[in-house]
A.B. asks: 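Let me give you the structure first, and then I'll get to my questions.
In listed order, ligands and their atoms are each counted from 1.
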Amino acid sequence: MTLSYRVMFVYLFLSFGVISCGKKPGKNLSRPNILFIMSDDHAYQAISAYDDRLIQTPNIDRLAKQGALFSNSCVTNSICAPSRATILTGKHNHINGKIDNRSPFDTTQITFPQLFQNAGYQTAMYGKLHFGNNPKGVDDFMILPGQGHYVNPDFITNDGDTTITGHVTDIITDLTLEWFREKRDKDKPFLMMYLHKAPHRPWWPNPKKFKEFAKKEFPLPETLFDNYKNRGTAAKTAEMNILKDLRYGHDSKIRPETMEEMVDLEPYVQPYNWGGNDGFTTSYVRFNSEQKTLYDPVIDSINIWFRNNWEGLTNKEKMKWKYQRYMQDYLGCISSVDDNLGRVLDYLDEEGLTENTIVIYTSDQGFYLGEHGWFDKRFIYNESFKTPLIIRWPNKIKSGLKITEMVQNLDYAQTLLDMAGIRQPSDMQGESLVPLLLGNKSEWTRDAVYYHYYEYPSVHMVKRHYGIVTEKYKLVHFYYDVDEWELYDRFSDLNEMSNVYNDPNYSEIKTKLKIELTELRNKYNDSRELDQYYIKKYLE
Ligand code: SGN
Ligand code: CA
């Protein structure tokens, strides 16, 4: 055999070895595992890696320290099910059809877990999907029906429905860890979707956090007493003001009995939204007697304070009290999410899985924690438009990387597929974030994002709007029962307090942005006809 023949023989032998190895399941181990973690309504202001004024979240921060933190990550439509539809399909809502929480989702569409399953990944989903259907493309799942409950939650499973005693955040974690211990196929890479219900309204932390956080006091946001001057009709008519729209029972934990005792004080109580007995009771009736014993002392002290002091408070003081109650419960929920994330990260460490597992932490959207006097989300304004995004990928992403580019939940599906080496369908509308994660910024060309919110008229009454957001500006069109434009200068007006649409100094930029907005609508195939089509469907 001549030398060149021998070289060719060795080459063929080696390549055959590699190819045949590739068919063995064991070879898949080199493909990264993916742990996709999403909480519901988790504001970036409540993650200490973003902002440490309200709460410490050491475990989420651990991911940020070891991986990348996106400071300009946003959604395409700040509401639960539409955001999840965008994440799963990699398409805007006007394309995937899930424009609001109540519209149906066409389940013949491809969602990214199906592509992972087809590519040989073991797939699982535990927690809140909020999607109306059972998940597709997951080998194992246990999901909450709809919004689910905090205490003693029900679950939909492959083998029928079940109720589990305890607090939802702990339970979803227990189920996830149980899957890792008992069901994980060590010969396959995995895609695990670990999806929290917390910190969604109505905020019921576990009893320990409820007690701990009820004693805390939090700094007030600068714009808590916003009067919506210099904004349009939409901000003025939205029903998500902490003073006016948070409900005493449902949100602040005032018992129906307390309200009945205070009937003479009605003028002091009633101007703002009692909301009836149900709000408190629908959650409380789920507690067993042991749980009631744990929750009751805290609820009692809240109620005693309320009965003794409410009458004498000014509206400003009432606002502050409601804000503190809101933050105590909301942040108590977050603290559990963080503790439980710690349990999962520890498990990955203990099992030697950390190195080959990509961990993503995000929320389905951002949330108002008193900014502009609000709770809830929906608006294109910063606190609800932006959403946390942290990605850890050992040996690939530089520790402590900060990424400032504008990325969206639209990009997640393609990013995950790209990371796993699975083909990205050409009709997905996002972009893989892998170049940004690996530091190849020159490959990233996006300089504007598109946003479209639909759910109106509905709870919280946030008007329909779409807009373009660039690093410097935000141009928004509110439509349907108004025809109003707003323009914000993102550099000079960080809190978005002043609509400069009619300011002559911005007339040139306004014209330019309007053209860019039209181009973006064309690029993503959104149109006036589609706006009208979805309005018609909604009203039917
Ligand atoms: C519930 C909440 C609302 C919230 C929507 C949508 N009320 O209706 O405050 O805006 O869900 O939230 S509550 O009765 O649950 O407190 S979403 O995250 O599912 O879009
Ligand atoms: Ca949500």
Side-chain angles (χ1 to χ4, degrees), residues 37-44 46 73-88 93 98-103 105 127-132 143-151 153 168-169 172 193 195-205 238-242 244-254 273-286 322 325-326 329-330 333-334 337 361-370 373-379 383-389 409 412 452-463:
I37 310 163
M38 183 158 72
S39 40
D40 194 343
D41 295 358
H42 192 170
Y44 59 87
S73 141
C74 63
V75 293
T76 63
N77 181 3
S78 183
I79 182 159
C80 201
S83 168
R84 289 152 197 266
T86 291
I87 290 171
L88 288 169
N93 297 132
K98 187 86 187 141
I99 53 149
D100 52 45
N101 275 340
R102 66 186 204 192
S103 59
F105 178 73
K128 179 169 171 183
L129 176 63
H130 191 196
F131 218 64
I143 59 167
L144 301 166
Q147 298 281 12
H149 288 283
Y150 273 106
V151 178
V168 73
T169 306
I172 291 171
M193 302 188 71
L195 310 173
H196 281 296
K197 169 191 169 57
H200 192 275
R201 191 184 181 207
W203 311 280
W204 279 100
E239 295 177 359
M240 42 195 250
N241 182 275
I242 291 176
K244 295 184 184 154
D245 304 307
L246 266 190
R247 293 193 254 139
Y248 295 107
H250 185 74
D251 298 300
S252 306
K253 319 289 187 281
I254 303 303
N273 223 349
W274 155 228
N277 289 348
D278 281 0
F280 178 87
T281 314
T282 41
S283 296
Y284 189 75
V285 289
R286 298 187 67 84
K322 280 185 134 180
R325 279 274 52 253
Y326 164 34
D329 294 347
Y330 179 91
C333 290
I334 302 272
V337 168
Y361 187 89
T362 190
S363 167
D364 60 348
Q365 10 71 206
F367 214 69
Y368 294 95
L369 305 184
W374 285 333
F375 63 101
D376 214 67
K377 51 240 178 186
R378 297 159 194 272
F379 276 113
E383 290 78 7
S384 44
F385 165 70
K386 285 170 64 162
T387 197
L389 179 63
N409 56 348
Y412 297 176
H452 199 157
Y453 172 80
Y454 298 83
E455 195 179 278
Y456 178 87
S458 182
V459 58
H460 301 302
M461 295 301 278
V462 172
K463 293 188 189 296

A.B. asks: To the nearest 0.1 Å, how far is atom 3 (C) of ligand 1 from its closest protein heavy atom, and which atom is that?
C.D. replies: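 Result: His460 NE2, 3.4 Å.
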A.B. asks: Of all N/O/S atoms in Asp40, which lies nearest to the Ca ion (ligand 2)?
C.D. replies: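 Answer by atom name: OD1.
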A.B. asks: Of all the atoms in Gln365, is at least one N, O or S atom closer to the Ca ion (ligand 2) than 3.0 Å?
C.D. replies: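 So Gln365 counts as coordinating the Ca ion (ligand 2), yes.
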A.B. asks: Measure centre to centre between the rings of Phe131 and Phe105, then say whether the value is under 6.0 Å.
C.D. replies: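 Yes.
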A.B. asks: Can you tell me which N/O/S atom of Asp41 has the shortest distance to the Ca ion (ligand 2)?
C.D. replies: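 Sorting the N, O and S atoms of Asp41 by distance to the Ca ion (ligand 2) puts OD1 first.
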A.B. asks: Cation-pi check, Lys253 to Trp203: give yes when NZ or CZ is under 6.0 Å from the six-membered ring centre and within 45° of the ring axis, no otherwise.
C.D. replies: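 Not satisfied by the 6.0 Å and 45° rule.
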A.B. asks: Taking Ser78 for the side chain and Lys377 for the main chain, is one N or O donor matched with an acceptor at less than 3.5 Å?
C.D. replies: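 Absent.
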A.B. asks: Going by the order shown, which atoms of ligand 1 are within less than 4.0 Å of some heavy atom of His130?
C.D. replies: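 Taking each heavy atom of His130 in turn, ligand 1 has 19 (O) under 4.0 Å.
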A.B. asks: Main chain of Gln365, side chain of Ser363: is a donor-acceptor contact present, judged purely on distance under 3.5 Å?
C.D. replies: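 Yes, because the side chain of Ser363 sits within donor-acceptor range (under 3.5 Å) of the backbone of Gln365.
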A.B. asks: Can you check whether Arg201 has an N/O within less than 3.5 Å of an N/O in ligand 1?
C.D. replies: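 Yes.
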A.B. asks: For atom 14 (O) of ligand 1, which protein heavy atom lies nearest, and how many Å away is it?
C.D. replies: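 Going atom by atom, the protein heavy atom closest to atom 14 (O) of ligand 1 ends up being His250 NE2, 3.2 Å.
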A.B. asks: Against Asp40, only a single residue in Lys197, His196, Lys128 fulfils side-chain hydrogen bond (donor to acceptor under 3.5 Å, both in side chains); can you say which?
C.D. replies: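 Answer after filtering Lys197, His196, Lys128: Lys128.
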A.B. asks: Looking only at distance, does Ile79 have an N or O less than 3.5 Å from an N or O of ligand 1?
C.D. replies: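 So ligand 1 has no N or O lying under 3.5 Å from an N or O of Ile79.
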A.B. asks: Which of the atoms in ligand 1, numbered in the order shown and given with their element, are less than 4.0 Å from a heavy-atom of Asn101?
C.D. replies: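 Once the distances to Asn101 are compared, the set is 6 (C), 17 (S), 19 (O), 20 (O).
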A.B. asks: With a cut-off of under 6.0 Å to the ring centre and 45° to the axis, is Lys322 in cation-pi contact with Tyr248?
C.D. replies: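 Because its charged atom sits under 6.0 Å from the ring centre and within 45° of the axis, Lys322 does stack over Tyr248.
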A.B. asks: Please name all residues satisfying side-chain hydrogen bond (donor to acceptor under 3.5 Å, both in side chains) with Glu383, sequence neighbours left out, ordered by chain then number.
C.D. replies: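 Expected list: none.
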A.B. asks: State the atom name: nearest N, O or S atom of Asp364 to the Ca ion (ligand 2).
C.D. replies: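 Going through the N, O and S atoms of Asp364 one by one, OD2 ends up nearest to the Ca ion (ligand 2).
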A.B. asks: For Lys98 and Asn101, indicate whether the former's side chain and the latter's backbone hold a donor-acceptor pair under 3.5 Å.
C.D. replies: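 Such a contact is found between Lys98 side chain and Asn101 backbone.
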A.B. asks: Taking 4.0 Å as the limit for heavy-atom contacts, which would you say applies to Asp41 with ligand 1: side chain only, backbone only, both, or neither?
C.D. replies: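 Just the side chain.
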A.B. asks: Hey, is the main chain of Ile99 close enough, under 3.5 Å, to the side chain of Asn93 for a donor-acceptor pair?
C.D. replies: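 Between the backbone of Ile99 and the side chain of Asn93 there is no qualifying donor-acceptor contact (under 3.5 Å).
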A.B. asks: Which of the numbered atoms in ligand 1 are under 4.0 angstrom from any heavy atom belonging to Asp40?
C.D. replies: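 Result: 18 (O).
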A.B. asks: Using side-chain hydrogen bond (donor to acceptor under 3.5 Å, both in side chains) as the criterion, list what pairs up with Tyr150, not counting sequence neighbours.
C.D. replies: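 By the side-chain hydrogen bond (donor to acceptor under 3.5 Å, both in side chains) rule, Tyr150 matches no residue at all.
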A.B. asks: Any protein heavy atom at under 4.0 Å, with atom 8 (O) of ligand 1 as the reference point?
C.D. replies: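 It does not: no protein heavy atom is found less than 4.0 Å away from atom 8 (O) of ligand 1.
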A.B. asks: Check for a donor-acceptor pair, side chain of Arg286 on one end and backbone N or O of Val151 on the other, with a separation under 3.5 Å.
C.D. replies: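 Present.
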A.B. asks: Which of the numbered atoms in ligand 1 are under 4.0 angstrom from any heavy atom belonging to Gln365?
C.D. replies: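 Answer, ordered by atom number: 18 (O).
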A.B. asks: Which residue holds the protein heavy atom closest to atom 11 (O) of ligand 1, what is that atom called, and what is the gap in Å?
C.D. replies: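 The answer is Gln147 NE2, 3.2 Å.
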A.B. asks: Among all protein heavy atoms in this structure, tell me which lies nearest to atom 12 (O) of ligand 1, with the distance rounded to 0.1 Å.
C.D. replies: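 So the nearest neighbour among protein heavy atoms is Lys377 NZ, 2.8 Å.
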A.B. asks: Has ligand 1 got any nitrogen or oxygen that is less than 3.5 angstrom from a nitrogen or oxygen of Arg378?
C.D. replies: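 Checking ligand 1 against Arg378, an N or O pair does fall under 3.5 Å apart.
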A.B. asks: Under 3.5 Å, N or O to N or O, is His200 touching ligand 1 that way?
C.D. replies: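 Yes: some nitrogen or oxygen of His200 is under 3.5 Å from one in ligand 1.
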A.B. asks: Run the side chain to side chain donor-acceptor pair (under 3.5 Å) test on Asn409 and Thr86 for me, step by step, so that the C-alpha distance in whole Å, both residues' side-chain angles and the decisive distance to 0.1 Å come before the verdict.
C.D. replies: CA-CA 7 Å; Asn409 56 348; Thr86 291; 4.9 Å; no
A.B. asks: In terms of residue, atom name and distance, what is the protein heavy atom nearest to atom 4 (C) of ligand 1?
C.D. replies: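 For atom 4 (C) of ligand 1, the nearest protein heavy atom comes out as Asp376 OD1, 3.5 Å.
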